[in-house]
Amino acid sequence: QKEVEQNSGPLSVPEGAIASLNCTYSDRGSQSFFWYRQYSGKSPELIMFIYSNGDKEDGRFTAQLNKASQYVSLLIRDSQPSDSATYLCAANNFGNEKLTFGTGTRLTIIP
Amino acid sequence: KAGVTQTPRYLIKTRGQQVTLSCSPISGHRSVSWYQQTPGQGLQFLFEYFSETQRNKGNFPGRFSGRQFSNSRSEMNVSTLELGDSALYLCASSLAPRGGSTGELFFGEGSRLTVL
């Protein structure tokens, strides 16, 4: 069992709608959680991180963390075609840069 | 500000050979990590270096090794290549303030290795 699990998709969402991406993790020692976006043929780039239970908003993006359920999600509001990419969920423990990544969810925004 | 630079971008090797990949981090970044990306396994952590010392290591065989130089540049080496080593090898740098971690990794474009 992978330590970080994601639905591989593909997830298709109409333009302007809310895209919801989900991730679960098995290591209860995980402290920090990250969402990276990877366009086809490109390298991953960080879009959000969250440490505390609850919601964290940044523009059109909202990350949600529930440590009791070991669940992390990313909501993208007003989805744009430029949001079409693979979204990678990652976790680590405080004090080291070793990130454990999920296999990613491929998101397609339909114009 | 220049990003993370990896060389070579593409290379083809045959089984049994060895390969060395190079990574130049963003200026001022002291931590360098290496990841292997394959379609089936996704991104898997290889190792992380900070101040020329390996701080963390993933679950890869000893054929995979790395090092970091005093200028924070890093190299990774894979010896006795196997077909399954074909992958995109990504280097990432991070600021690692005061030797800590942020999880904010800046990735290079990767070195795509094909083993025949």
Side-chain angles (χ1 to χ4, degrees), chain A residues 1-10 21 23-27 29-52 56 58 61 63 65 72 74 85-107, chain B residues 3-6 9-10 23 25-26 29-51 53-60 66 68 72 74 87-112:
Chain A
Q1 180 191 6
K2 281 191 70 70
E3 294 179 24
V4 177
E5 299 265 7
Q6 294 181 256
N7 187 325
S8 62
L21 304 162
C23 169
T24 59
Y25 62 96
S26 59
D27 181 3
S30 298
Q31 303 272 342
S32 312
F33 304 88
F34 307 85
W35 285 99
Y36 281 79
R37 177 177 61 199
Q38 186 172 24
Y39 291 114
S40 181
K42 299 294 185 182
S43 55
E45 57 177 336
L46 180 68
I47 53 173
M48 288 283 294
F49 62 87
I50 186 166
Y51 303 142
S52 305
K56 179 182 179 182
D58 184 1
F61 299 93
L65 172 61
V72 191
L74 179 69
T86 295
Y87 288 80
L88 301 164
C89 175
N92 79 343
N93 299 328
F94 279 139
N96 74 77
E97 299 285 28
K98 176 185 176 182
L99 265 60
T100 300
F101 283 86
T103 51
T105 298
R106 188 154 53 96
L107 173 66
Chain B
V4 178
T5 304
Q6 290 188 246
R9 290 291 312 280
Y10 302 91
C23 172
I26 292 171
H29 284 196
R30 300 167 65 193
S31 169
V32 174
S33 302
W34 290 89
Y35 287 82
Q36 181 195 67
Q37 188 172 35
T38 58
Q41 297 297 316
L43 270 162
Q44 292 188 284
F45 175 79
L46 281 155
F47 25 65
E48 183 222 353
Y49 288 88
F50 177 83
S51 291
T53 300
Q54 187 181 86
R55 279 207 300 197
N56 290 287
K57 189 178 188 305
N59 297 322
F60 279 82
Q68 186 181 32
S72 294
S74 178
L88 180 66
Y89 290 88
L90 289 163
C91 169
S93 73
S94 64
L95 199 54
R98 296 181 297 279
S101 69
T102 62
E104 184 174 7
L105 305 181
F106 293 83
F107 284 89
E109 292 298 318
S111 293
R112 185 165 295 282

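Atoms considered below: every heavy atom in the structure, side chains included; atoms not considered: hydrogens, waters and symmetry mates. Sequence lines set the chain letters: A, B, ... in the order given, protein chains first and strands last, and positions in each chain run from 1.
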(message) I'd like to know if the side chain of A:Ser43 and the backbone of B:Gly108 have a donor-acceptor N/O pair within less than 3.5 Å.
(response) yes
(message) I'd like to know whether the aromatic ring centres of B:Phe45 and A:Phe101 sit less than 6.0 Å apart in this structure.
(response) no
(message) Heavy-atom cut-off 4.5 Å, strictly under: side chain, backbone, both or neither for A:Phe34 against chain B?
(response) side chain
(message) Within this structure, what is the CD-CD distance for the pair B:Glu104 and A:Glu45, rounded to the nearest 0.5 Å?
(response) 11.0 Å
(request) Any chance you could measure A:Lys98, atom NZ, to B:Lys57, atom NZ, to the nearest 0.5 Å? (result) 10.0 Å
(message) Measuring only between side-chain heavy atoms, which start at C-beta, is A:Lys42 closer than 4.5 Å to B:Glu109?
(response) yes
(request) Measure distances from A:Phe33 to the heavy atoms of chain B and classify the residue's part below 4.5 Å as side chain, backbone, both or neither. (result) neither
(request) State, with a plain yes or no, whether a side-chain heavy atom of A:Pro44 is found less than 4.5 Å away from one of B:Leu105. (result) no
(request) Would you indicate whether the side-chain heavy atoms of B:Tyr35 and A:Leu99 approach each other to under 4.5 Å? (result) yes
(request) Measure distances from B:Phe47 to the heavy atoms of chain A and classify the residue's part below 4.5 Å as side chain, backbone, both or neither. (result) neither
(message) Out of B:Ser94, B:Pro39, B:Gly58, B:Gly40, return the one with the most heavy atom pairs under 4.5 angstrom to chain A.
(response) B:Ser94
